[in-house]
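The chains referred to below are lettered A, B, ... by the order of the sequence lines, with proteins before strands, and numbering in each begins at 1. Nothing here was measured: the structure is a model prediction, and the numbers come from that model.
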Amino acid sequence: MVTYNIQYFALLREQRGLDAETVESSAATAEELYAELATRHGFTLPTTALKVAINDDFSKWQAPLSSGDTIVFIPPVAGG
Amino acid sequence: MVTYNIQYFALLREQRGLDAETVESSAATAEELYAELATRHGFTLPTTALKVAINDDFSKWQAPLSSGDTIVFIPPVAGG
Amino acid sequence: MPNPQTFAISGEDLEIENLKQQLLDSHAGALATFEGWVRNHNEGQAVERLEYSSYPALANKEGQRIIEEAFEKFEIDAAIARHRVGMLEIGGIAVWVGVSAAHRGAAFDACRYIIEEVKGRVPIWKKEYYSSGATDWVNCHQET
Amino acid sequence: MPNPQTFAISGEDLEIENLKQQLLDSHAGALATFEGWVRNHNEGQAVERLEYSSYPALANKEGQRIIEEAFEKFEIDAAIARHRVGMLEIGGIAVWVGVSAAHRGAAFDACRYIIEEVKGRVPIWKKEYYSSGATDWVNCHQET
């Protein structure tokens, strides 16, 4: 089990009821981590609708995570 | 011979040294009238570079003129 | 629908904030604008100032037609265009076009249409005054 | 070249005259701008106000990248983009983009590129508050 820092924005923040949390997980990729959190917290957005950022940069869902990484799941953007 | 009112703008005003004049001419079209005035005053622009307005509307060079018409020869525009 | 004030030739400095306010409309979501400023050079020559002149009766009529065409071609809410005449210094605003629309694509398309057509069709002329002391009527180099 | 202030997320009202002044440059002849305002309706629902939020660290980085891309793609002199976050009322300005260039085509193209990319890529979200009392995160309707 490793430690990840998760930040939540927009709809995910609302569904989680938190801005950020630290989780212990055996997930090796962002994709696995989201699946775990979505099940636990009832997130409605599929990964196909999301992007992911690791340590404040866009990343692939399959990129390997390291302990202490900050992960952000990015709901569909709607600026402007 | 009929009477035409001519207004000059931009380069033609400079070459004629007048804003406007009334001329007596036997020209039946704007094209004939311009040829006559260009010869008399040394205008440098060819009709292919000009447009013409009769009574404040764009017109064809071959449109027949009537006595008392106001004719403007329009140098290449350069707004903006 | 365009109103009679949508296009005008102006002998005074353009009051852009004021013009923009006229485009404010709670229905509109997008505003595209274009400003043309006097540049300090043209085709390699140092420009000191510019003089714009127009054939007002036809310029206003043709400008108005262009705005009406923009309303026919694009889904826009409001459009305003102003062209300055008289002597302008470097950095002075020569032309301003603003278009509001529900969607940005139409606002951009109409704004660009209006400025292109104004530059191509409206009887306005530009005389450049160069640092060398020479002057020139822009676009008038063809000889008979 | 773009400077670090070219793109920013702002929690305060955008001061557009001030931003425009930053684009003034005696070399530039053309300024294209885009403003996005809060509309009073969206997809048939009456909107009372909007709340924009962002993921600031990545939003600023991605916004800056977009401006740099615009400099690579188009012959422009300067570009500024600002996006408001927080609660906005109808008619409030959500986003502003301004691009100056020697020629109008590049100014329009770059301005449009920047706003399209900002809307498509920058992590900013919009929550609509309807007259009915309901709220909605725009674009978040897909289900797992």
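No more than 12 heavy atoms of other residues, nucleotides or ligands shown are found within 6.0 angstrom of CD on D/E12. Around CD of D/E15, the count of heavy atoms belonging to other residues, nucleotides or ligands within 6.0 Å does not exceed 12. Enclosure of atom CD in A/E36 by more than 12 non-hydrogen atoms of other residues, nucleotides or ligands within 6.0 angstrom is indicated.
Neither the backbone nor the side chain of D/E51 comes within less than 4.5 Å of any heavy atom in chain A. Using a 4.5 Å cut-off between heavy atoms, D/Y52 contacts chain A through its side chain alone, with no backbone atom that close.
Minimum heavy-atom separation, D/L58 to A/A53: CD2-CB, 3.7 Å. The nearest pair of heavy atoms linking A/P75 to D/C140 is CB-SG, 4.0 Å. A pairwise comparison of heavy atoms in D/V138 and A/A78 identifies O-CB, 3.9 Å as the closest pair.
With rounding to the nearest 0.5 angstrom, the OH atom of D/Y55 is 11.5 Å from the CZ atom of A/R13.
Chain D is approached within less than 4.5 Å, heavy atom to heavy atom, by A/Q7, A/F9, A/A10, A/L11 from residues 1-12 of chain A, ordered by number. Applying a 4.5 Å heavy-atom cutoff, the residues of residues 117-131 of chain D that approach chain A are D/K119, D/G120, D/R121, D/V122, D/P123, D/I124, D/W125, D/K126, D/K127.
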